[in-house]
Every structure is written in structure tokens, then in C-alpha cells.
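Notes to accompany the following structure.
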Amino acid sequence: SQQGEEDPQALSIQEGENATMNCSYKTSINNLQWYRQNSGRGLVHLILIRSNEREKHSGRLRVTLDTSKKSSSLLITASRAADTASYFCGGSGGSNYKLTFGKGTLLTVNP
Amino acid sequence: EAGVTQFPSHSVIEKGQTVTLRCDPISGHDNLYWYRRVMGKEIKFLLHFVKESKQDESGMPNNRFLAERTGGTYSTLKVQPAELEDSGVYFCASSQGGTASRVYTFGSGTRLTVV
């Protein structure tokens, strides 16, 4: 079953604006992670939020988690052209730490 | 620290041929995962190794796919015979054991095109 489902599928903004991406999941999780993928490259880990946490910050990134709604959001503040990438959320609910991803959000930041 | 290495980066083969993808995880990482992304769709889990053992292979599409991890080091994923629907980007990821298992390091992927 698909654990992470990102929304919107594509987002285009101007440099300096904030970008918000959402993620919904279906089953219980221990943690939820966000990854970024630049074209032609592998996924890069951005941030992990545990199921008992509600909000987490890392630099220009802010992640929230609402376990009652089974949803998470990723906010990128003061976006830069270099933030252009696909963003994926992945949920992990099992003891083997298997991550289940969605289709991703393609973010384009225009200079 | 060297990252996760995958090769080839691209492969174009004809339907019915065999292809073998290779993944070299970060040294010392017990966990190795294979994922696949078909264009426009989600990144789908294929299987998980802990050292040389298959922990979870529930995502393997069918018996045309065979994964191995010799001596708990590098891993190969063989597709034989390849079909058109096998086209996509195959990602490998590794993570440490224990509580550090949560965060994956991904390779750049192998883009497989079956024609």
C-alpha cells in the first residue's frame, strides 16, 4: 500500500517565496522523512520527524506532522533556484525501517 | 566517506534480454534496499537485505527479478528476461544497523530502458 502521497504534484514559484508541500499516508508510522531528488541524481535525506513530534526545523525547512490526520507538510522558506527538485515523503512503520514513498512533488523555483 | 554507488547509470536493452544492475552500499551498512520508479509514479519498494539475508522481498514484481547480496557487501539485481514494463529508474539505498537504520543514503540510480 502507498504510504506517502504528496500534494501538489507540481509547484512553480518565484525565488524568495515560500513553498509548501503536503503528504498524506495511510497506515501508522514510527517516523516520516522527506527526501529531495535533483534531476538525474539519487534521493537526499532532508529531515526526519518522529511520530511523537509535531514540528521540526532544519535551516530553511519546517516539517509538521499530524498523526490524527495522517498528514505532514514541508515548508521551504525563502526559496532559491537551487531548491528546484522533486520532493518525496516516506513513512516507516515497521521494525525493518522500510520506507514507503509517494509520487513526489516537483518544485520549480524561478529566478 | 564514499556514497552508494550504482552502475551502470543507464542501460538500454531489448525485450527478452538480461540485465544486471549493481549496487555498492556504504561500507559497514548492514541494510540495503532496492527501489524502482516508473515514470510519473511512486518510488516503489522492491526488497530489503540485512547483511546477506533477504529481510523483505515483498515488492519484487515477479520471478523475472533476482536479487543477491554476496557476503553482505555489494548487491546485484538481475532482470531476466526483461519486459517493456520493467523500464524505469532503479534506486539502491543503504543504512546502518540499529536505530540509525532510519535514514537512507541513496545511489544515483540506474535508468533502465527496455525497447
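Quick note on labels: first sequence line is chain A, next is B, and so on, each numbered from 1.
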Just wondering, are more than 12 heavy atoms of other shown residues or ligands nearer than 6.0 Å to CZ in B:Arg111?
-> no
Are B:Ile26 and B:Leu21 joined in one hydrophobic group, where the rule is that I, L, V, M, F, W and Y side chains link up if heavy atoms are under 4.5 Å apart?
-> no
Indicate, with yes or no, if B:Val89 and B:Leu46 share a hydrophobic cluster defined by side-chain heavy-atom contacts under 4.5 Å among Ile, Leu, Val, Met, Phe, Trp and Tyr.
-> no
Is the number of heavy atoms from other residues, nucleotides or ligands under 6.0 Å of A:Arg41 CZ greater than 12?
-> no
Would you mind checking which part of A:Leu48 comes under 4.5 Å of any heavy atom in chain B, side chain (CB onward), backbone (N, CA, C, O), both or neither?
-> side chain
Quick one: what part of B:Ser58 sits under 4.5 Å from any heavy atom of chain A, side chain, backbone, both or neither?
-> side chain
Looking at A:Gln33 and B:Arg102, what are the two nearest heavy atoms and their distance?
-> NE2-O, 2.6 Å
Hphob cluster co-occupancy, B:Val4 + B:Leu47, side-chain heavy atoms under 4.5 angstrom | no
With a 4.5 angstrom heavy-atom cut-off, could you sort out which part of A:Gln37 is near chain B: side chain, backbone, both or neither?
-> side chain
Under 4.5 Å from any heavy atom of chain A - which part of B:Arg37 | side chain
Measure the spacing between CD of B:Glu42 and CZ of A:Phe88 and express it to the nearest 0.5 Å.
-> 10.0 Å
Any side-chain heavy-atom pair from A:Leu43 and B:Phe91 closer than 4.5 angstrom?
-> yes
State yes or no: do A:Leu107 and A:Val63 share one hydrophobic cluster built from I, L, V, M, F, W and Y residues joined by side-chain heavy-atom distances below 4.5 Å, directly or via other members?
-> yes
Do we get A:Lys98 above B:Phe45's six-membered ring, with its NZ or CZ under 6.0 Å from the centre and within 45° of the axis?
-> yes
In terms of heavy-atom contacts, A:Leu99 and B:Tyr104 come closest through N-OH, 2.9 Å
Does atom NZ of B:Lys78 have more than 12 heavy-atom neighbours from other groups under 6.0 Å away?
-> no
